[in-house]
Amino acid sequence: MLFADIDLLDENLDFQAHQWVGVRDGRIAYVGGAAPEEGEAASFGEVYDGRGKLLMPAFYNAHAHAPMTLLRGYAEDLPLQAWLNDLVFPFEAKITPEDCYWGTLLSCIEMARYGCVGFSDMYYHMEEGARAAIDAGVKMNLSDSLLAFGGEGLDELPVKGSLDRLTRDLQGAADGRIVVDCNVHAEYTSNPRAVADLAAYAKERGLRVQVHVSETRLEHEECKERHGGLTPVRYFESLGLFDCPTTAAHCVWVDDEDIEVLARRGVFVAANPASNMKLGSGFAPVSKMLERGVRVCLGTDGMASNNNHDMMQDLYLLALSAKGAACDPTAISPKQALAAATRTGALSQGREDCGYVGVGARADLCVLDVAGPSWTPMTNPLVNVVYAGHGADVCLTMCDGRVVYRDGQWPLVDAERAKAEVAARTRRIVGEL
């Protein structure tokens, strides 16, 4: 595809007007202020009229639980522990592998609608999750959750066989769109032996790690009581987890020493502002983490604690909550917020050639219709994207050069069937409960 006469956010997220961008063989092959030569232009195929549009890197959701679309609107108005133990865990016990497929597929459909092409997922039945992502044409870092409530080591847990199988059968599938990670659900749902074993397993195999960290004050303080004053960050570091490339979700209650550890160990922090506010967990110290060099990315979390996958809504909340929590209107710039949702999110997934508009990058792109009233005037395009834009402004989403959403249509999947399947399966589970 050749995007013609389109405004864009370039590899530095700087605004460039009236550009031409050519996509070939899944990558960006041309970027320029004028149309390519006639012969080269023809090699890109369809010419996309870019007038009134803005081209930018697609979004990467750094923390999700995709099958939880099944729980949308089910577990409401509860603090995290009651939310988990009283409603979420009993519901999840009824979820089948096929339920996970349809829940994940609907998540992929929703994310593509809002310009997101890749997500990092923590859940179960990950083979079915991968099948859904492949069918939808998007990218997925999947991880089967480590849960260890006794003294078990990794070899004694079912997740070990699952990890062996996933890495054997799915690592690098779909031209690298599927990546297998390890994950520890949290400190309070694991034990030191199992965490240390998983860290060693991941390091030996060169795998990335996902983990929930300091989401609530209760989690943070109880960890210190259990482990001689160690916070979750210092606890996981002591067990070798951060010897692997790690994405730590939430980090709402981290202290100054934790932030230094996160920065020094190169840990990515997936901020989840919508979920943290909805569950009353608090506000992550995003501005302090950015100031100290922590690589902050952006996640939606699951649909029982956010209710939608609109990354532009989460982008808006990330910027506003960082300013509000710090009582500082300069706490985060539009460019920093956009980088968290795009390039840094891609890097958190180990996708070095993704998340920017530049020659040689994978063509993970979204197009926004900027002709609407909320976009006028275009005094500062980056400000408009973060504070005036909406997910509904996305009119095209492209993953590895293939269109996965365009003008109300998903060319690779049957969105209506996915909606019907999820609705029916949720009714079944609620009925069983």
Side-chain angles (χ1 to χ4, degrees), residues 23 25-27 58-70 95-145 162-183 207-208 210 299-300 302-303 309 311 345-346 348-355 362-366 396-406 409-422 425:
V23 172
D25 298 327
R27 293 186 180 269
F59 299 113
Y60 301 83
N61 186 347
H63 181 63
H65 307 283
M68 291 183 79
T69 49
L70 293 154
I95 292 177
T96 68
E98 194 69 6
D99 294 336
C100 275
Y101 170 81
W102 288 106
T104 302
L105 185 64
L106 187 59
S107 283
C108 293
I109 288 167
E110 187 179 1
M111 282 189 262
R113 169 64 186 92
Y114 295 129
C116 180
V117 298
F119 64 104
S120 297
D121 212 51
M122 282 187 179
Y123 219 67
Y124 321 103
H125 309 306
M126 283 286 101
E127 287 92 346
E128 296 304 307
R131 182 163 67 94
I134 291 169
D135 288 349
V138 299
K139 299 177 177 179
M140 180 185 193
N141 280 51
L142 59 87
S143 60
D144 201 342
S145 292
S162 176
L163 280 169
D164 289 343
R165 187 173 63 252
L166 290 169
T167 53
R168 181 192 69 219
D169 297 342
L170 288 171
Q171 186 68 282
D175 192 27
R177 286 192 286 116
I178 303 300
V179 173
V180 178
D181 293 347
C182 294
N183 99 58
L207 301 178
R208 309 183 76 82
Q210 302 178 41
T300 61
M303 292 302 93
H309 281 299
M311 285 283 287
S348 78
Q349 298 170 355
R351 302 185 188 277
E352 299 285 338
D353 54 356
C354 299
R362 288 187 177 267
D364 291 351
L365 304 167
C366 68
L396 182 146
T397 304
M398 175 179 283
C399 181
D400 280 354
R402 183 163 59 165
V403 173
V404 294
Y405 170 79
R406 184 172 184 176
Q409 302 295 319
W410 293 262
L412 305 180
V413 291
D414 185 342
E416 292 304 315
R417 182 181 176 191
K419 287 160 57 180
E421 288 279 357
V422 168
R425 290 165 188 276

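Only heavy atoms go into these numbers, but all of them, side chains included; no hydrogens, no water, no symmetry mates. Numbers for residues simply follow the sequence, beginning at 1. Given the structure is predicted, the values throughout are model-derived calculations rather than measurements.
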- Message: For the backbone of Ser348 and the side chain of Arg208, can you confirm whether one donor and one acceptor N or O come within less than 3.5 Å of each other?
- Response: yes
- Message: Main chain of Gly176, side chain of Arg351: is a donor-acceptor contact present, judged purely on distance under 3.5 Å?
- Response: yes
- Correct closest heavy-atom pair for Leu166 and Val180 would be O-CG2, 3.6 Å
- Query: To the nearest 0.5 Å, what is the distance between OH (Tyr124) and CG (Leu142)?
  - Reply: 14.5 Å
- Which atom names give the shortest non-hydrogen contact between Arg177 and Gly137, and what distance separates them? NH1-C, 3.2 Å
- Task: Compare every heavy atom of Asn61 with every heavy atom of Gly299, then report the nearest pair and how far apart it is.
- Result: CA-OD1, 3.2 Å
- Item | Asp99 side chain vs Thr96 backbone, donor-acceptor pair below 3.5 Å | yes
- Task: Determine yes or no for a side-chain-to-main-chain donor-acceptor pair under 3.5 angstrom, with Thr397 supplying the side chain and Ala112 the backbone.
- Result: yes
- Does the side chain of Glu421 reach to within under 4.5 Å of the side chain of Leu105, using non-hydrogen atoms? no
- Task: Would you confirm whether Asp181, through its side chain, and Asn141, through its main-chain N or O, come within 3.5 Å as a donor-acceptor pair?
- Result: no
- Query: Can you check whether Pro67's main-chain N or O pairs, donor with acceptor, with Tyr123's side chain at less than 3.5 Å?
  - Reply: no
- Message: Determine whether a donor-acceptor pair (N or O, by modelled atom type, separation under 3.5 Å) exists between the side chain of Ser120 and the backbone of His63.
- Response: no
- Query: Are Glu128 and Glu98 side-chain neighbours, meaning at least one heavy-atom pair lies under 4.5 Å?
  - Reply: yes
- Message: On a heavy-atom basis, which atom in Ala136 and which in Val404 lie closest, and how many Å separate them?
- Response: O-CG1, 3.6 Å
- Task: Compare all side-chain heavy atoms of Val23 with those of Met398 and state whether any distance is below 4.5 angstrom.
- Result: yes
- With side chains defined as the heavy atoms from C-beta onward, is the minimum distance between Val117 and Phe59 less than 4.5 Å? no
- Query: In Å, rounded to the nearest 0.5 Å, how long is the span from CE of Met68 to CD1 of Ile95?
  - Reply: 7.5 Å
- Task: Identify the two heavy atoms, one from Gln171 and one from Val179, that lie closest to each other, and give their separation to 0.1 Å.
- Result: OE1-CA, 3.3 Å
- Message: Test your reading of the model: is there a side-chain donor-acceptor pair from Thr167 to the backbone of Asp164, 3.5 Å cut-off?
- Response: yes
- Task: Evaluate salt bridge (Lys or Arg N to Asp or Glu O under 4.0 Å) for Arg113 paired with Glu110, printing each intermediate quantity in order.
- Result: CA-CA 5 Å; Arg113 169 64 186 92; Glu110 187 179 1; over 6 Å; no
- Item | Smallest separation among heavy atoms of Met126 and Ser143, with atom names | SD-N, 3.7 Å
- Task: I would like to know whether Asp364 and Lys139 meet salt bridge (Lys or Arg N to Asp or Glu O under 4.0 Å); could you show each step before the answer?
- Result: CA-CA 10 Å; Asp364 291 351; Lys139 299 177 177 179; 2.6 Å; yes
- Message: Contact between Leu106 and Trp102 at the side-chain level, heavy atoms closer than 4.5 Å - yes or no?
- Response: no
